[in-house]
Amino acid sequence: MAIETIIFPDAEQAAQQVAKKIQQLIQRKPDAVLGLATGGTPLLLYRELIRMHAEEGLSFAQVRTFNLDEYEGLPPDHPESYWSFMQRNLFDHIDISPGNYHLPSGMLAADAVPEHCEAYENAIRAAGGIDFQILGIGRNGHIGFNEPGSTISSRTRRVTLCEVTRSDAAPAFGSIEQVPTHAISMGCATILEAKEIVLLAFGEHKAEIVAQAVCGDVSENVTASYLQTHQNIHFYLDSAAARDLRESM
Ligand code: PGA
């Protein structure tokens, strides 16, 4: 299966189109299950969903969500935890019910982690599976925190973060030493079970890895390349992130 790429003049227009897809899904299925991502990339999308809630009456009252990942060792109220990222950038501004959103916990004792990860997988299944998964892509091709070497059959688990991932996060934390070394992440198999997946990538710094994910071999070196095996996957790109694709097509 080829990955369909949709190229927009800018990130704003791409984010608006993805927000429209989510709006249509929720109108069709008010209790839709969304897979959510953090990072800089989905911010414009979340801003547009908040606008649709405020101005167009889009209700998230029955929507269920599962986030991809969470850092290990950060309490939920830490400003860089993905829990607080989601509150600040989306949940505080829409009518989602607190019992309906889920993130892995990064605060468990080591011996409680496997059970927690299994419970997270079971909760996704019990919700009926993810209808619509939003992804970003790391500069090393990771999806969620599935760093190079993660297998296509990986499930929610404790992962070790790569140097490039930690250095990309360093500005937000103040220094690389303050960035957690581990996280809990949905696995590649967890992600690939979503019924529909949209990966967003913006900016020139993503161009090379986007081209590898779309045109390169399906390989554990670039876990986003596993998306080539999915039946309903779209990459929404700005023209900068699509630069190397256009050259290779
Ligand atoms: P970004 O991160 O959105 O901050 O670029 C993407 C990712 O690492 O998945």
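What's counted below: heavy atoms across the whole structure, side chains too, no hydrogens, waters or symmetry copies. One-based numbering along the sequence shown. Counting starts at 1 for both ligands and their atoms, in listed order.
- Residue-ligand proximity: R139 is placed with every non-hydrogen atom at 4.0 Å or more from ligand 1.
- Below 4.0 Å from some heavy atom of G39 lie the following atoms of ligand 1, by number and element: 3 (O), 4 (O).
- For the pair P104/H116, a side-chain contact is recorded, criterion being any heavy-atom separation below 4.5 Å from C-beta on.
- Against a heavy-atom cut-off of under 4.0 Å, G40 is close to the following atoms of ligand 1: 1 (P), 3 (O), 4 (O).
- Contact check on E208 versus R139 returns no salt bridge, with no Lys/Arg side-chain nitrogen under 4.0 Å from an Asp/Glu carboxylate oxygen.
- Taking a cut-off of under 4.0 Å to the non-hydrogen atoms of G136, the atoms of ligand 1 that pass are 9 (O).
- Geometrically, ligand 1 and H205 share no nitrogen or oxygen pair separated by less than 3.5 Å.
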Step by step, work out the side chain to side chain contact (heavy atoms under 4.5 Å, CB included) result for L68 and L36. CA-CA 6 Å; L68 286 166; L36 299 180; over 6 Å; no

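- Heavy-atom contacts of G138 reach the following atoms of ligand 1: 7 (C), 8 (O), 9 (O) (cutoff under 4.0 Å).
- Under 4.0 Å from ligand 1, the heavy atoms of K206 that appear belong solely to its side chain.
- Of the heavy atoms in T165, none comes closer than 4.0 Å to ligand 1.
- Ring orientation note: the planes of F91 and Y101 are close to parallel, at an angle under 30° on the 30°/60° scale.
- Y120 has its ring centre less than 6.0 Å from the ring centre of F66.
- Looking only at side-chain heavy atoms (C-beta outward), I130 and M186 come within less than 4.5 Å of each other.
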